[in-house]
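Atoms considered below: every heavy atom in the structure, side chains included; atoms not considered: hydrogens, waters and symmetry mates. Computed from a prediction, not measured in an experiment: that's the story for all the values here. Within every chain, numbering begins at 1; the chains are lettered A, B, ... in the order of the sequence lines, protein sequences first and strands thereafter.
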Amino acid sequence: MSIAITVNGERRDVEEGITVAALLASLDIRASRVVVEHNMRILRAGDFGDARIEDGDELEVLQFVGGG
Amino acid sequence: MSIAITVNGERRDVEEGITVAALLASLDIRASRVVVEHNMRILRAGDFGDARIEDGDELEVLQFVGGG
Amino acid sequence: MSIAITVNGERRDVEEGITVAALLASLDIRASRVVVEHNMRILRAGDFGDARIEDGDELEVLQFVGGG
Amino acid sequence: MSIAITVNGERRDVEEGITVAALLASLDIRASRVVVEHNMRILRAGDFGDARIEDGDELEVLQFVGGG
Amino acid sequence: MTVTSDPTVPAASAATGAASDDALRMGPAVLRSRLIHGTGKFPSDDVLRDCLAAAQPDMITLAIRRLSLEGGGRNELEGLDLSRFTLLPNTAGATTAQQAIRMAHLARAASLSELIKVEVVGDERTLLPDPAGTLEATRVLVEEGFTVLAYTSDDVVLALRLEEAGAAAVMPGAAPIGTTLGIQNPFNVRLIIDRLQVPVVIDAGLGVPSEAARCMEWGAAAVLVNTAIARARNPVEMARAFGEAVVAGRRAFLAGRADISFEAVASSPTAGLPTSSS
Amino acid sequence: MTVTSDPTVPAASAATGAASDDALRMGPAVLRSRLIHGTGKFPSDDVLRDCLAAAQPDMITLAIRRLSLEGGGRNELEGLDLSRFTLLPNTAGATTAQQAIRMAHLARAASLSELIKVEVVGDERTLLPDPAGTLEATRVLVEEGFTVLAYTSDDVVLALRLEEAGAAAVMPGAAPIGTTLGIQNPFNVRLIIDRLQVPVVIDAGLGVPSEAARCMEWGAAAVLVNTAIARARNPVEMARAFGEAVVAGRRAFLAGRADISFEAVASSPTAGLPTSSS
Amino acid sequence: MTVTSDPTVPAASAATGAASDDALRMGPAVLRSRLIHGTGKFPSDDVLRDCLAAAQPDMITLAIRRLSLEGGGRNELEGLDLSRFTLLPNTAGATTAQQAIRMAHLARAASLSELIKVEVVGDERTLLPDPAGTLEATRVLVEEGFTVLAYTSDDVVLALRLEEAGAAAVMPGAAPIGTTLGIQNPFNVRLIIDRLQVPVVIDAGLGVPSEAARCMEWGAAAVLVNTAIARARNPVEMARAFGEAVVAGRRAFLAGRADISFEAVASSPTAGLPTSSS
Amino acid sequence: MTVTSDPTVPAASAATGAASDDALRMGPAVLRSRLIHGTGKFPSDDVLRDCLAAAQPDMITLAIRRLSLEGGGRNELEGLDLSRFTLLPNTAGATTAQQAIRMAHLARAASLSELIKVEVVGDERTLLPDPAGTLEATRVLVEEGFTVLAYTSDDVVLALRLEEAGAAAVMPGAAPIGTTLGIQNPFNVRLIIDRLQVPVVIDAGLGVPSEAARCMEWGAAAVLVNTAIARARNPVEMARAFGEAVVAGRRAFLAGRADISFEAVASSPTAGLPTSSS
């Protein structure tokens, strides 16, 4: 079954029970380079594998970019 | 009997039961030109005659001066 | 007979023996408002009537204009 | 016999017949470092030995100094 | 160019001296003169009175202070008929919003008006204003019904915040109070004038009349001058000069300056020269 | 403020302390107004006439040019009563001393006066003056009895040389003619004012009245303004503003500015505040 | 003059190029280069990398943004070995203290360091900082253990307040972000440098290396440059030039400038000239 | 940053985009360093020698003076190996063209070269140059085969005349000699740089390295610095700083500055912020 979540402001349907680590992998994102905020709470990289995503969750996947 | 009050930061001994109007008169100050703060409460000029001063009261007698 | 002169840099044919005063009149110019240089010599206004123009003469007829 | 000359604006008495080279040597000045103007004429360093000084002559002995 | 049809030029100003309807409104105050005149540090009462007669301001600033209990409290304002002026008491001396609010209350009691210049000093050495205190005092006093003119730095965002807080005018300083150093930051001052809807009054640090005129040419609503007049060698003539300069600067603003050209352009005709070789 | 009565002033200043006869003398010319008004590039005769009425100068500048032979030579000065002004013809258009001298002779014949503004342009692009030509023309014309006002750059030594050559006034430019860029070199302009004995008139490049006032505050004897008025959106009001600003700046110079302080100094008393903790 | 005994000159700087112990310390950061290098708006990754190689900064700024979910989130920092630099993430984009605090938390998670440049914009048009928001964010983040470098206006009192709030450095802007207009308010910038104990880093609006050097000569601790490098015609050479200019300016500050003289003083001897009349 | 290797640079710039041979040619002189170093007024021979080692100029200026007849004529140049430098003797002390020409002849005899800096002072108080004398000396010496670098004011037309007279370089002063006041007239200095074909060297009055860099950024060919180094608290470090700043300024000129924007432009991306309300 799939659930609806919001990633970086966009609605996405993902597998129920997916972890953050799995989500990143499915998006082809290397976990080492990003910061993830899960329902407004920042996850430590070490916790990506344990963090399960529920229906309606909001995720922000962020990284450093050029800035002044 | 006299009471001790503070006027403009200085200790003064005055007659018990004196009014603000009488205090100003005794100091040769024209009531029309000043603002009086009695225990941090601003008095209207019309109330100077009724305002009785108690022992320990604090008065500020202020006026406009040159400023920028 | 006519002669060829230069007035303000332009070639003109005028009557032989014409005076500066007559030239100005023919051009509808009031003598009081101008300065005339006749063959590089400045004429006094009083001399306009006597100053005869010869063939090949150069005249500058000048006036004040707005300037800074 | 001695003659009176002016060197750098000061009067000096020197031996009659002295050359510029000898004058510089007597003043302990190395010829290689100076320019000499003899009666307003600049001498080449090679001519110092031949240039004889006469009574009343004026000499300027100059060198480079710090400047901006 | 048909001058009078120019929409940037009020018709009234063409015919008369100062535009007859070019009054500055701030709350209840309506000022024809855009020179706000300080009253501190003058050499004598007489000089102050003569300065005001020379400069002819509509609004003057005042401070509120303890009356000296000996001598009946005579002061430099004694000789003045204050009723001829719109009074702008200040909160000078305050270093917190609370103190400024208290002084505003006292000033209201003394002036029977709700005009107040909020001044909260944040640094004793430079007398520059405290951003947070100024903003808080402005908010509270606006809430209470005061018409607040807020003395501030040349910080653009703070000026915007003061406007949002309801200030009737915002008063950025040209330079620290009393220095007469003149306008230190033309860029910010002009930005504040451009961005705000409320009148911008340049306060503090002006040194000479030309600087007052310059502010007015940029579109400042008014200038406040104290030290530059009070400490001039001849204060009365300097007061008059400031009055004239403010009129000139305002008039120039309304008239609209010539466009700058980076190429030289002759003022006299380039054609019509007598032949050089003749 | 009763500036409308006479912006060129002395009446008012007589009472108070400014010099009661503050006229500017250059050769035969005696000027009460220290604004010298150009007459070039105005949108119309009417506007020029109204500007002169508004600014009330005593001296105006003129150029001398060929009359157009068609149409009887009407020009923008037609509507003016020149006899009301001290005329200062210029030699604009000259690029050599010889041309300037010739134009001075023509101007003398036209004005019946020996006042002349020497202007020898050395660079067609910037219209900046030619040092050698300006100096030579000045020398020759002074010799011939002219009262020479010499337009020059802000070169200090050249200004000294012009004074030595007998110029009745030296006229350093603020910026290239017609740019309205304003004073580009305050340092040199002030140095020239300080070093010369003859009047220093700031000419060319001023843009707004505040800059004219600033020159006067430094001790300039007068300013010459043309483009900044002629090209303003509302030339008449701008002319009036320049007139007022020149008066203000001169008055401020005579009044003597307050000393600059690098430390802030309160304008309101620092003592006598109500107790904060009571 | 015995140079080395001069107490204002660190002994170390006499012997070597850049003073060997002239490092700038802000919290955990120790910087030998006083040019902080921005990484935004570069034409390409390659150019950015080459600029950093040319300018050799120790500290670079970064922003934190959403990764693009398509394409694996490649960005302009891809080619950089970030571990070679001290990273200074900013809170750019925040318009409230709360947003800035959230971004600081995210940045900390990404950089594994507590260095943060607090930037709270108060006006979308000028991007000038919000006084209250900047101060609040600084207070909270300092409390939480961050080393805060606070981007601020040139408001002197606000700079003092940020220091009191525990900022490790205060970063007044020279001009609005991205304009390259250069230092608009030398007076306030110098006042801030003089009054604060913590390092003052000039941020935003610098246009050319000479301005960076000028800030350093005044005693600024460092400068932050982004647009002036990223948008130069040749960014790499401009980066190198900024690096050199910052070194030059710092060195000049330590060396101590010559006293200004208002009188001219010959550089060559005035005595010893050959007789002119001989 | 490896500035110590060679502050006069080209090696580094060859790789990246600055001109690989950016030498300055004036007559026979070919200069890699664009800092011309004065040698007057140094506290000691040792300091001068160390300054030259630190700044690494190719060209140095000298004066010619009477040797003291007592003591064998030791002077501050004693310790220098002059053969390592291109010598630029000056005519300082001359107040007429004739004196300058005589000094040029003496200098030629001493240096065995025809490079000469023409300097004819027109005013003893400001030491500003005499326009006519400078121009005449330049004409005569160019005729005689000298390579003339002409010290001049910031008068634009005079600069053009000196170029026409054959000067190999024109050297406008930033401010009066020895003042270290810095650039007083940016407008004219830039105009001179733009209008002339020959190299423009900024001479006299610079105070700090940032001003030298600024001149170079405008396109000046070189700067001449003496007092600002000789009178610094630490002349050796200041010499080095000037050397670095001149390199930085030249590099920035070649790199091409970013365009000024009057609107703020964010340095960090405006998109991609985390949702604020989530």
Side-chain angles (χ1 to χ4, degrees), chain G residues 1 3 6 8-9 13 17 33 38 40-41 56 63 65-66 90 92-93 99 126-127 176-181 207-210 213-214 217 226-228 231-234 236-238 240-241 243-245 247-249 251-252 254-258 260-261 264-269 272-273 276, chain H residues 1 3-4 13 16-18 38 40-41 43 47 63 65-66 90 92-93 99 126-127 176-181 207-210 213-214 217 226-228 231-234 236-238 240-241 244-245 247-249 251-252 254-258 260-261 264-269 272-274 276:
Chain G
M1 192 167 106
V3 178
D6 189 320
T8 69
V9 182
S13 70
S33 166
K41 300 195 289 188
Q56 300 198 30
R65 289 291 179 274
R66 280 175 176 170
N90 66 33
Q99 289 169 3
T126 60
L127 300 180
I177 294 172
T179 58
T180 71
L181 277 164
V208 279
S210 61
R214 200 177 170 213
E217 287 164 354
N226 190 332
T227 305
R231 294 301 198 213
R233 304 232 179 139
N234 182 334
V236 178
E237 279 302 291
M238 191 57 86
R240 196 187 314 276
E244 291 162 343
V247 168
R251 194 187 305 282
L254 295 173
R257 67 160 290 156
I260 285 178
S261 160
V265 185
S267 291
S268 304
L273 290 165
S276 61
Chain H
M1 186 172 305
V3 272
T4 50
S13 68
T16 50
K41 303 195 289 190
V47 170
R65 289 291 180 274
R66 281 173 175 171
N90 66 33
Q99 288 169 6
T126 59
L127 300 179
I177 294 172
T179 57
T180 70
L181 278 163
V208 279
S210 61
R214 198 175 170 217
E217 286 164 354
N226 190 332
T227 305
R231 295 299 199 216
R233 302 226 182 147
N234 182 334
V236 178
E237 280 301 292
M238 191 58 87
R240 197 185 314 274
E244 290 162 343
V247 168
R251 195 187 304 283
L254 295 173
R257 66 159 290 155
I260 285 178
S261 159
V265 186
S267 292
S268 304
L273 290 165
S276 60

### Query
Rounded to the nearest 0.5 Å, what separation is found between the OG1 atom of G:Thr179 and the CD1 atom of H:Ile260?
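CD1 of H:Ile260 is found 8.0 Å from OG1 of G:Thr179.
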#### Entry: Between CD on residue H:Glu244 and CZ on residue G:Arg251, distance to nearest 0.5 Å
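Atom-to-atom, H:Glu244:CD and G:Arg251:CZ are 4.0 Å apart.
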### Message
Can you tell me which portion of H:Ala245 sits under 4.5 Å from chain G's heavy atoms? Options are side chain, backbone, both or neither.
### Response
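H:Ala245 touches chain G through backbone and side-chain heavy atoms alike.
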### Message
Applying side-chain hydrogen bond (donor to acceptor under 3.5 Å, both in side chains), can you list everything that pairs with H:Arg66, at least two apart in sequence or on another chain?
### Response
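So H:Arg66 forms a side-chain hydrogen bond (donor to acceptor under 3.5 Å, both in side chains) with D:Glu60, G:Thr275.
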### Query
With H:Asn90, which residues qualify under side-chain hydrogen bond (donor to acceptor under 3.5 Å, both in side chains), at least two apart?
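Result, side-chain hydrogen bond (donor to acceptor under 3.5 Å, both in side chains) vs H:Asn90: G:Ser268.
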### Query
Under a 4.5 Å heavy-atom cut-off, does chain H meet the side chain of G:Ala228, its backbone, both or neither?
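Interface part for G:Ala228: backbone (N, CA, C, O).
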### G:Arg231 and H:Val265, any side-chain heavy atoms less than 4.5 Å apart
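No, too far: nothing below the 4.5 Å cut-off.
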### Message
Is any side-chain heavy atom of G:Thr180 closer than 4.5 Å to one of H:Arg257?
### Response
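In contact.
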### Task
May I ask you to decide if G:Pro269's main-chain N or O and H:Arg65's side chain share a donor-acceptor pair within less than 3.5 Å?
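Answer holds: yes.
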### Task
Give a yes or no answer on whether the side chain of H:Glu217 reaches the backbone of G:Ser210 with a donor-acceptor pair at less than 3.5 Å.
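Confirmed, H:Glu217 side chain pairs with G:Ser210 backbone.
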### Query
Taking all non-hydrogen atoms of both residues, which atom of H:Ala255 and which atom of G:Glu237 are closest, and how far apart?
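Closest approach of H:Ala255 to G:Glu237: CB-CB, 3.8 Å.
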#### Entry: Shortest non-hydrogen separation from G:Thr227 to H:Ser267 and the atoms involved
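That closest heavy-atom pairing would be OG1-OG, 3.4 Å.
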### Query
Highest number of heavy-atom pairs under 4.5 Å with chain H: which of G:Ala232, G:Pro176, G:Gly40, G:Gly249?
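Going by pairs under 4.5 Å, I would pick G:Ala232.
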### Winner by heavy-atom pair count (cut-off under 4.5 Å) against chain G, out of H:Ala213, H:Gly178, H:Ala258
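The option with the most such pairs is H:Ala258.
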